[in-house]
Amino acid sequence: MSSDSLPPLPQNRIVLGCGQVAVDFLATVASFPNPDDKIRSTSLKVQGGGNAGNASTCAARLGLNPRLISKGILEELEADGVDTSFFIVSEEGNSSFTYVIVDSQTNTRTCIHTPGYPPLIPEELSQSSLLSALDGVNMVYFDGRHHETALVVAKEAARKNIPILVEAEREREGLDDLLDFATYAICSAKFPQAWTEAPSVPSALISMLLRLPKLKFVVVTLGEEGCIMLERSVNGGSDAEEMDVHCLLESLKLIKDDSKTIPTCISSVETKLSANGIGTITGRLFVGTAEKIPPSELVDTTGAGDAFIGAVLYAVCAGMPPEKMLPFAAQVAATGCRALGARTVLPLRTDPRLASFL
């Protein structure tokens, strides 16, 4: 697909990320070892990683202009066009690194993470650097790391009315404070129920929108099962019909086309969605599917969630509606699963596999 045939992307769309950059040591094994085993890897790769680093790389390849506030390695990010001029470099210390064991038998990956030291603290980010980092920015993204510094950035971004996307991978120190500023949230499968103590995922999404009044939408990613998104209604929808969120979710699942291998999306009309014992939100519910990757092509799911987030950053900046955004993000994430490492085959905007979504 030539760049001339692509729809125009609004010029100079800048995304500022704040979070983790790491080094990934990825070893593929025939099957996961038992305790005290000695086995050989079938392949080995050393590559840049970390949630914010991966998501920013994905956004850059899709055509955005990412900046990043972090500590860690720079070379790969700069090669992909990520602005690292706001990185903090410690003369004595170490970058974050992760050992990733990729099990070829089960198509799973196990991560052993060692945080970088010393951590990024607010005193290392001057007010002038913060203002420069936010200058002209269209969206800010946080992965939940470096929470004290992230909160300083979030407060200034909110003061400037810059939209904020927060990744909620798991409960972390300071994440609650960041979520209070969130315009958008993307969650791992287990987070919504763990955070809200709701009895199910759909009821937890309602609880999140009730607890976080600034939140426009929340997405929960479910791996090969796709994703679910709840979007708050802008105008209130006082005349909308009320429906139990579980019943609505099941009705949407019934009409999705499971025969399609490429990602799709089914959405409800604007509805008053209720969850017993939690409350009611007026909005729309979306069910997105994942690509059905042939087993022979599925290599490594490391960084799939980061790629999904990078694609959502692009989609929001490009003004995509959710019906297009969710399948697009799923396709970008699936494309990245076809090689070892989170960044190896992250697609460019001109990738033919993205043509039908753009």
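From a predicted model like this one, the values you see are computed outputs, not experimental measurements. Scope of the values below: all heavy atoms of this structure, side chains included, with no hydrogens, waters or symmetry mates.
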### Task
Could you tell me which non-hydrogen atom of R343 sits nearest to which non-hydrogen atom of G49, and how far apart they are?
NH2-O, 3.0 Å
### Query
Roughly how far, to the nearest 0.5 Å, is NZ of K155 from CZ of F181?
6.0 Å
### Query
Under 3.5 Å, is there a donor-acceptor pair between the side chain of D80 and the main chain of V82?
no
### Message
For W195, does the six-membered ring have the charged nitrogen or CZ of R211 within the cation-pi criterion, i.e. under 6.0 angstrom from the centroid and within 45° of the normal?
### Response
yes
### Query
Checking T196 side chain against A198 main chain: does a donor-acceptor pair fall under 3.5 Å?
yes
### Query
Is the centre of the Y314 ring less than 6.0 Å from the centre of the F328 ring?
yes
### Task
Any chance you could measure D24, atom CG, to L340, atom CG, to the nearest 0.5 Å?
9.5 Å
#### Entry: Within-4.5 Å side-chain heavy-atom neighbours: P118 and K71
yes
### Task
List the atom of L249, the atom of P202, and the distance in Å for their closest heavy-atom pair.
CD2-CG, 3.9 Å
### Nearest-0.5 Å distance that lies between atom CZ in R349 and atom CG in L62
8.5 Å
### Query
Distance from C337 atom SG to D300 atom CG, nearest 0.5 Å?
7.5 Å
### Query
Counting heavy atoms not belonging to E75, are there more than 12 under 6.0 Å from its CD?
no
### Task
Might you point out which heavy atoms bring E231 and P322 nearest each other, and give the distance in Å?
OE2-CG, 3.8 Å
### hydrophobic_cluster_shared for L134 and L151, side chain cutoff 4.5 Å
yes
### Task
Apply side chain to side chain contact (heavy atoms under 4.5 Å, CB included) to the pair M208 and F191, showing each step before the final yes or no.
CA-CA 11 Å; M208 288 187 71; F191 179 83; 4.1 Å; yes
### Message
Does K256 have more than 12 heavy atoms from other residues, nucleotides or ligands lying within 6.0 Å of its NZ?
### Response
yes
### Message
Between Y141 and L313, is the side chain to side chain contact (heavy atoms under 4.5 Å, CB included) condition met? List the steps.
### Response
CA-CA 8 Å; Y141 153 63; L313 292 172; 4.0 Å; yes
### Residues R353, E291: salt bridge by 4.0 Å N-O rule
no
### Query
Looking only at side chains, do S188 and E169 share a donor and an acceptor under 3.5 Å apart?
no
### Message
Given 3.5 Å as the limit, does a donor-acceptor pair link the side chain of T282 with the main chain of K272, or not?
### Response
no
#### Entry: Neighbour count above 12 (heavy atom, 6.0 Å) for D37 CG
yes
### Task
Looking only at non-hydrogen atoms, find the nearest pair between S104 and T28 and report the distance.
OG-CG2, 3.1 Å
### Task
Determine whether M320 and M139 fall in the same hydrophobic cluster, where Ile, Leu, Val, Met, Phe, Trp and Tyr are linked whenever their side-chain heavy atoms lie under 4.5 Å apart.
yes
### Query
Shared ILVMFWY cluster between L273 and F286, side chains joined below 4.5 angstrom?
no
### Summary
Partner of I228 under side chain to side chain contact (heavy atoms under 4.5 Å, CB included), picked from V219, V220, V218, is V220
### Message
Does either side chain, that of T106 or that of D103, offer a donor lying less than 3.5 Å from an acceptor on the other one?
### Response
yes
### Message
Return the CG to CD distance between N54 and E76, rounded to the nearest 0.5 Å.
### Response
9.0 Å
### Query
Say you draw a straight line from CG of N107 to CG of L298; how long is it, rounded to the nearest 0.5 Å?
4.0 Å
### Message
Using a 6.0 Å cut-off, check whether atom NZ of K160 has over 12 heavy atoms from anything other than its own residue.
### Response
yes
#### Entry: Side-chain touch R145/S70, heavy atoms, less than 4.5 angstrom
no
### Task
Ignoring hydrogens and angles, tell me if any N or O in the side chain of Q193 forms a donor-acceptor pair with the backbone of K190 under 3.5 Å.
no
### Query
Under 3.5 Å, is there a donor-acceptor pair linking the side chains of S203 and S200?
yes
### Task
Assign the ring pair F25 / Y99 to parallel, tilted or perpendicular, where the plane angle (0 to 90°) is split at 30° and 60°.
tilted
### Query
Would you say N138's side chain and I14's backbone share a donor-acceptor pair under 3.5 angstrom?
yes
### Query
Is there a path from I69 to L175 through hydrophobic residues (I, L, V, M, F, W, Y) whose side chains come within less than 4.5 Å of each other?
yes
### Query
Taking the side chain from Q20 and the backbone from S96, do they hold a donor-acceptor pair closer than 3.5 Å?
no
### Check: V269 main-chain N/O paired with T271 side-chain donor or acceptor under 3.5 Å
yes
### Query
Can you tell if the side chain of V100 reaches within under 4.5 Å of the side chain of V102, non-hydrogen atoms only?
yes
### Message
For the backbone of P122 and the side chain of E148, can you confirm whether one donor and one acceptor N or O come within less than 3.5 Å of each other?
### Response
no
### Query
Are there more than 12 heavy atoms of other residues, nucleotides or ligands under 6.0 Å from atom CD of E242?
yes
### Message
Within the 4.5 Å heavy-atom criterion, are N65 and R13 side-chain neighbours or not?
### Response
no
### Query
Side chains of T302 and L26: closer than 4.5 Å at any heavy-atom pair?
yes
### Query
Is a donor on one side and an acceptor on the other found under 3.5 Å between the side chain of T57 and the backbone of G53?
yes
### Query
L68 and L77: side chain to side chain contact (heavy atoms under 4.5 Å, CB included), yes or no, with the steps?
CA-CA 9 Å; L68 199 50; L77 294 166; 4.0 Å; yes
### Query
Can you name the closest pair of heavy atoms from V29 and R40 and give their distance?
CG1-O, 4.3 Å
### Query
Is there a side-chain contact between C317 and V15 (heavy atoms, below 4.5 Å)?
yes
### Query
Quick one: are R232 and F217 in side-chain contact, heavy atoms under 4.5 Å?
no
### Query
Taking a hydrophobic cluster as the set of Ile, Leu, Val, Met, Phe, Trp and Tyr residues connected by side-chain heavy atoms closer than 4.5 Å, whether directly or through intermediates, do L64 and V312 fall within one such cluster?
yes
### Query
For L354 and V332, which heavy atoms make the closest approach, and how far apart are they?
CD2-CG2, 3.8 Å
#### Entry: Side chains of T289 and K260 in contact at under 4.5 Å (non-hydrogen atoms)
no
### Task
Look at the side chain of S41 and the backbone N and O of A27, then say whether any donor-acceptor pair between them is shorter than 3.5 Å.
no
### Check against side chain to side chain contact (heavy atoms under 4.5 Å, CB included), V152 and E156
CA-CA 6 Å; V152 171; E156 187 63 28; 6.0 Å; no
### Query
So, R284 and E323, do they make that salt bridge, N to O below 4.0 Å?
yes
